[in-house]
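Chain identifiers are assigned alphabetically (A, B, ...) following the order of the sequence lines, protein sequences preceding nucleic acid strands; residue numbering begins at 1 within each chain.
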Amino acid sequence: MNFAQIETELEALADEPFDSATFIYRFLEIYNAPKATLTKLKQGSGNHAVEAGDVLWKNKLFYRSTTGSLPDVADAMLADPLVKKHNPRFLLVTDGADVYCRDLKTDQTIDPRFTRLNEHFMFFLPLANIERYEAPTENPADIKATGRVAKLYDAILEANADWIERDYTHDLNQFMTRLLFCFFAEDTSIFEKNVFTSTLMNRTQEDGSDTATVLDLVFESMNTKVESRSHLPDYAKQFPYVNGGLFRDKTQVPKFSKRARRLLKECGELNWSDINPDIFGSMIQAVAQPGLREDMGMHYTSVPNIMKVLQPLFLLSLEEEFETAKDSEPKLKKLLQRIYSLRVFDPACGSGNFLIIAYKELRKLEMRVFERQKAIAKQWSLPMTEVALTQFYGIELTDFATETAKLSLWIAEYQMNEMFKATFGKAPPALPLRESGNIVHGNAAFVDWTQVCPLTEDRETYIVGNPPYLGRADQTKEQKADMAKIFAPLGVSYKNLDYVACWYVKAAHYCKSGRAQCALVTTNSICQGEQVALLWPIIYKNELEIGFAHQPFKWRNSAAKNAAVTCVIVGIRSISKTNKVLYSDAYHRRVSNISPYLVEGEDLFVTKRRAPISFEKDMTFGSMANDGGNLLLSPSEKDEIVARYPEATKFFKRLYGSQEFSKGTERWCLWIEDHDVEAAEEIPPIRTRIEAVRAARSDSDRESTAELAAVPYRFAEVRHKESDAIIVPKNTSERRFYITAGFIEAGSVISDLAFAVYDADPYIFSIISSRLHYVWGASVGGRFKMDPRYSNTLVYNTFPIPKLSDEQKASLEDLAVEVLGARETHPGKTISWLYDPDNMPSNLRNAHKSLDDALETIYIGRPFADDVERLQHLFKLYGAAMKKDTTKTKSKGAA
DNA sequence: TATCCGACATGCA
DNA sequence: TGCATGTCGGATA
């Protein structure tokens with residue numbers, strides 16, 4: 001079976017007129033329901049439903065077509081005793097216009113339009129016996145263990161204060177991973193039950209003085225083959241030969257204090273068999289980095305997010321191959337070869353989450369192949385797994401995490417062997433440990449990746465991971481140097497790029513030379529705003545394309561404090577005819593191409609520019625106070641001063657940022673001209689505020705801010721003009737349909753949280769208020785979290801407008817008046833309320849619609865069909881304008 | 001808890 | 001000088 005095929009057929013079915021009699025059978029056929037089953041369902045013998053027209057396929061699906069309210073009907077079906085009896089996985093209700101479907105196992109619901117059913121084709125995959133991935137629940141054992149290990153680590157450090165200055169951290173880290181392994185081993189069948197902790201407790205003094213000696217001998221024993229142990233004491237001999245590199249190097253064992261020994265005992269008493277290496281490694285990683293302790297594991301990638309990378313990158317493809325190979329021994333054998341030759345490389349692997357999950361998935365698939373072989377082969381004997389940890393490669397910056405990654409891979413291997421044993425009754429011996437993954441300790445932005453994971457044409461290689469994101473302002477000197485090393489030779493402007501761009505560029509070079517593909521979880525900022533034009537030309541130069549992408553989603557994991565960041569996933573591969581899929585939380589669909597803004601469209605991007613290509617007036621940044629809050633006042637604060645000092649009135653102006661405009665809140669600022677300073681300072685409360693500004697600015701580490709302390713009576717950046725202005729809030733909401741511009745009367749100050757077009761013609765307001773402009777801004781501009789963020793250089797200056805006649809301007813102006821008029825018919829309502837899609841009044845909607853229709857007719861002679869067409873046309877015009885611009889000025893244009 | 005928007009250091013062009 | 005950006009935060013309903 002082929003996923004693209006399912007989607008295509010589903011799309012065809014959704015496009016046809018709905019036929020309640022045949023729909024469900026066609027639907028099930030697409031999901032490969034066995035022919036015999038379908039026949040039985042149609043005949044009624046396999047259909048357990050009672051009501052006419054219903055279909056109830058045991059354990060799978062309960063279907064009803066109706067004309068009633070879909071959720072209500074679904075609730076009624078759910079209450080039907082038949083559900084309990086026949087346990088369907090899905091409830092599916094439709095009236096031919098909408099669909100309502102609930103997965104009773106995961107309790108997820110979708111309710112798409114009937115015609116968009118294909119966008120949810122993965123939702124129904126369990127019908128074809130393919131499970132969607134479900135997030136594991138939080139594991140209390142991991143949390144508890146992490147806490148205890150952290151305490152033990154601290155106690156050991158305390159007893160070995162000299163270790164840090166002597167740079168024994170590697171020894172300490174390796175020692176800790178050995179301990180963790182032993183704890184795990186004695187709670188599973190790798191060691192004899194509790195042998196490690198009990199030996200230590202029985203053989204050592206309570207004060208900890210000889211703990212190190214005993215541990216040293218025990219570790220040596222684990223690195224010595226049984227036949228060569230004559231020099232070791234009996235208690236050490238009872239441990240099996242472990243090796244696998246974990247005990248190979250002789251490293252120093254730290255001294256133990258009484259407290260450290262007691263904590264060792266407490267760690268040993270935990271039940272380590274419950275540890276889940278998927279996440280535990282990430283949590284334990286924080287142990288060795290006290291700075292990270294407080295947000296322990298905050299940055300680990302959750303398993304669902306890892307699957308968002310692995311599934312589209314290669315797991316789905318393996319799954320498809322399995323489905324087609326199901327009944328063919330040679331094909332199954334070929335699939336196994338593919339599994340065994342595949343490599344996964346995480347150049348920012350941390351404690352190895354991605355690698356561990358990938359390993360487990362490959363093992364699970366291998367087991368399914370074995371089961372299948374067993375079922376169809378005439379003769380079959382159980383093979384052992386050939387998925388090797390050495391197929392997994394990683395680079396990690398911190399030593400402790402590097403060691404943890406290797407350990408976690410071993411634990412994962414053991415757990416998978418146990419699962420194998422449960423299914424097939426046999427498993428490879430746990431010991432001695434085989435080689436673990438190829439995890440290298442180093443700076444991935446600096447080291448040569450081909451040294452870690454050599455380039456090869458013969459093996460599929462998948463680069464995955466969640467590398468560190470750091471905006472320009474937060475990069476350290478070293479990180480800037482890393483950036484320079486990678487980007488400077490390319491001769492491009494790069495300093496405004498996020499640090500994570502290093503990984504994309506290195507991955508691009510790797511993918512170009514080898515048979516590799518890459519998908520990374522990164523901050524959304526590299527697919528938005530100014531960074532797009534900086535990064536993506538470099539990628540495209542390597543004859544690569546975006547094969548799949550996941551649109552922005554909020555970062556989530558089970559750590560207490562989630563990172564406040566919005567992420568995307570971008571899959572990069574050599575140019576190919578294979579399907580491209582665009583994912584979002586709500587749907588995923590095949591598209592013709594994925595643009596670097598992660599929307600359907602061509603590989604185009606805009607470069608920020610100083611002057612507008614079309615608008616006839618400049619838009620400027622508002623005035624930034626940078627005052628520690630002292631130049632800004634609430635109405636009551638202002639009134640209090642004016643009441644006592646009426647002469648102060650002239651020093652106040654209304655201030656408008658995004659919120660003051662959108663929500664109508666009143667705010668004032670001190671606005672003192674140079675020649676008025678002395679007069680202003682004679683008013684004590686004003687003088688106090690000015691002094692506070694001076695103090696705040698002097699305190700700043702930033703030189704230019706400190707210099708501004710010399711003029712504390714005025715805003716740091718003064719852009720104000722004494723004229724009427726169009727105000728455009730900097731922040732808007734992704735839920736709105738329009739950018740909410742407005743007019744501000746002369747005499748008010750527009751803050752840096754909004755943009756201003758001073759002395760503007762009203763038709764400019766019309767264009768800014770159009771759907772076209774919103775669509776442009778939402779895709780080309782930056783973002784604040786998920787919400788579009790307006791900008792003059794990126795959005796306004798790049799927006800293409802056809803040449804307008806005076807008549808056209810006049811008619812646009814009339815339509816602007818209509819919009820403003822519609823707003824005024826709702827007195828007391830804020831802009832924010834009026835433009836909330838849940839509230840937006842119909843007259844305002846209509847006024848905007850008329851404006852859109854008129855403007856779009858100027859563009860193409862008719863309104864656009866949808867936003868995709870809007871964007872495509874704008875990009876076309878932009879491209880043409882830039883071409884003209886290049887020939888005229890020979891300056892840099894866009895691609 | 002979803003929604004919407006503030007403030008300013010930073011540093012590039 | 002002008003302005004994008006934030007492994008950003010916080011108030012509000």
Taking atom types as modelled, find out whether A:Asp787 and A:Asn731 have a side-chain donor-acceptor pair closer than 3.5 angstrom.
no
Under 4.0 Å, counting only non-hydrogen atoms across every strand here, what does A:Ser832 touch: a base, just sugar-phosphate, or nothing?
sugar-phosphate
Specify the separation, in whole Å, of atom CD1 of A:Ile739 and atom P of B:dC5.
13 Å
Looking only at side-chain atoms of A:Lys785, point me to the closest of C:dG9, B:dT3, C:dT5.
C:dG9
Measure from the side chain of A:Lys495, starting at C-beta and using heavy atoms only, and say which of B:dC5, B:dC12, B:dA9 lies closest.
B:dC12
Are A:Tyr300 and A:Asn353 linked by a side-chain donor-acceptor pair shorter than 3.5 Å?
no
List the steps and the verdict of ring-ring contact (aromatic ring centres under 6.0 Å, His included) for A:Phe755 and A:Tyr796.
CA-CA 10 Å; A:Phe755 292 91; A:Tyr796 182 87; 9.0 Å; no
Reading DNA chain B from 5' onward, which residue's closest nucleotide shows up sooner: A:Gln475 or A:Leu632?
A:Leu632
Within less than 4.0 Å of OP1 or OP2 of C:dA4, is there a side-chain N or O belonging to A:Asn792?
yes
Hey, does A:Arg697 reach any base, or is it just sugar-phosphate, or nothing, if we go heavy atoms under 4.0 Å?
nothing
Any base atoms under 4.0 Å from A:Asp752, or only sugar-phosphate, or nothing? Heavy atoms, all strands.
base
Toward the 5' end of DNA chain C, which comes first, A:Val521 or A:Val718, by nearest nucleotide?
A:Val718
With the side chain defined as heavy atoms from C-beta on, A:Met624 is closest, among B:dC8, C:dG6, B:dC5, to B:dC8
What residues from residues 773-780 of chain A pass a heavy-atom cutoff of under 4.0 Å to DNA chain C?
none
So what does A:Pro468 touch, heavy atoms closer than 4.0 Å: a base, only the sugar-phosphate, or nothing?
base
Nearest to the side chain of A:Asn731 - B:dC5, C:dA4, B:dC4?
B:dC5
Picking from B:dC5, B:dC12, C:dA4, the nucleotide nearest the side-chain atoms of A:Lys480 would be B:dC12
Could you tell me whether A:Phe661 contacts a base, only the sugar-phosphate backbone, or nothing, with contacts defined as non-hydrogen atoms closer than 4.0 Å?
nothing
Hey, are A:Glu396 and A:Thr398 close enough side-chain-wise for a donor-acceptor pair under 3.5 Å?
yes
A:Arg472 vs A:Leu534, nearer the 5' end of DNA chain B by closest nucleotide:
A:Arg472
Are any of the side-chain nitrogens in A:Arg697 or A:Asp627 under 4.0 Å away from the carboxylate oxygens of its partner?
no
Is there a donor-acceptor pair closer than 3.5 Å between any side-chain N or O of A:Asn797 and the backbone N or O of A:Arg610?
yes
Regarding A:Arg609, tell me which of base, sugar-phosphate or nothing describes its non-hydrogen contacts under 4.0 Å with the strands shown.
nothing
Minimum-distance nucleotide to A:Gln531 side chain [options: C:dA4, B:dC4, C:dT5]
C:dT5
With a 4.0 Å cut-off on N to O distance, would you call A:Asp867 and A:Arg771 a salt bridge?
yes
From C:dA4, B:dA13, B:dC4, pick the nucleotide closest to the side chain of A:Ser493?
B:dA13
Base, sugar-phosphate alone, or nothing: which one does A:Pro467 contact when heavy atoms must sit under 4.0 Å apart?
base
Are A:Lys785 and A:Glu734 close enough, and set up right, to give a salt bridge (Lys or Arg N to Asp or Glu O under 4.0 Å), and what steps lead you there?
CA-CA 10 Å; A:Lys785 299 270 167 71; A:Glu734 62 169 348; over 6 Å; no
For a quick check under 3.5 Å, do A:His848 and A:Tyr774 share a side-chain donor-acceptor pair by atom type?
no
Is the phosphate of C:dG6 approached by A:Ser525 (side-chain N or O, under 4.0 Å from OP1 or OP2)?
yes
Is A:Arg735 touching bases, backbone alone, or none of the nucleic acid, heavy atoms closer than 4.0 Å?
sugar-phosphate
Among B:dA7, B:dC8, C:dG6, the one nearest A:Asp627 by side-chain distance
B:dC8
Does NZ or CZ of A:Lys829 fall inside the cone over A:Tyr835's six-membered ring, less than 6.0 Å from its centre and within 45° of the axis?
no
Starting from Watson-Crick (N1-N3 plus N6-O4 or O6-N4) and G-U wobble pairs under 3.5 Å, report the runs of at least three that DNA chain C belongs to.
B:1-6 with C:8-13, B:8-13 with C:1-6
To the nearest Å, give me how far apart CG (A:Leu535) and C1' (C:dT5) are.
16 Å
Measure from the side chain of A:Arg789, starting at C-beta and using heavy atoms only, and say which of B:dA7, B:dA9, C:dA4 lies closest.
B:dA7
So A:Trp671 and A:His720, would you call those rings parallel, tilted or perpendicular, with 30° and 60° as cut-offs?
perpendicular
From the candidates C:dT5, B:dC4, B:dC8, the one with an atom nearest any side-chain atom of A:Asp787 is B:dC4
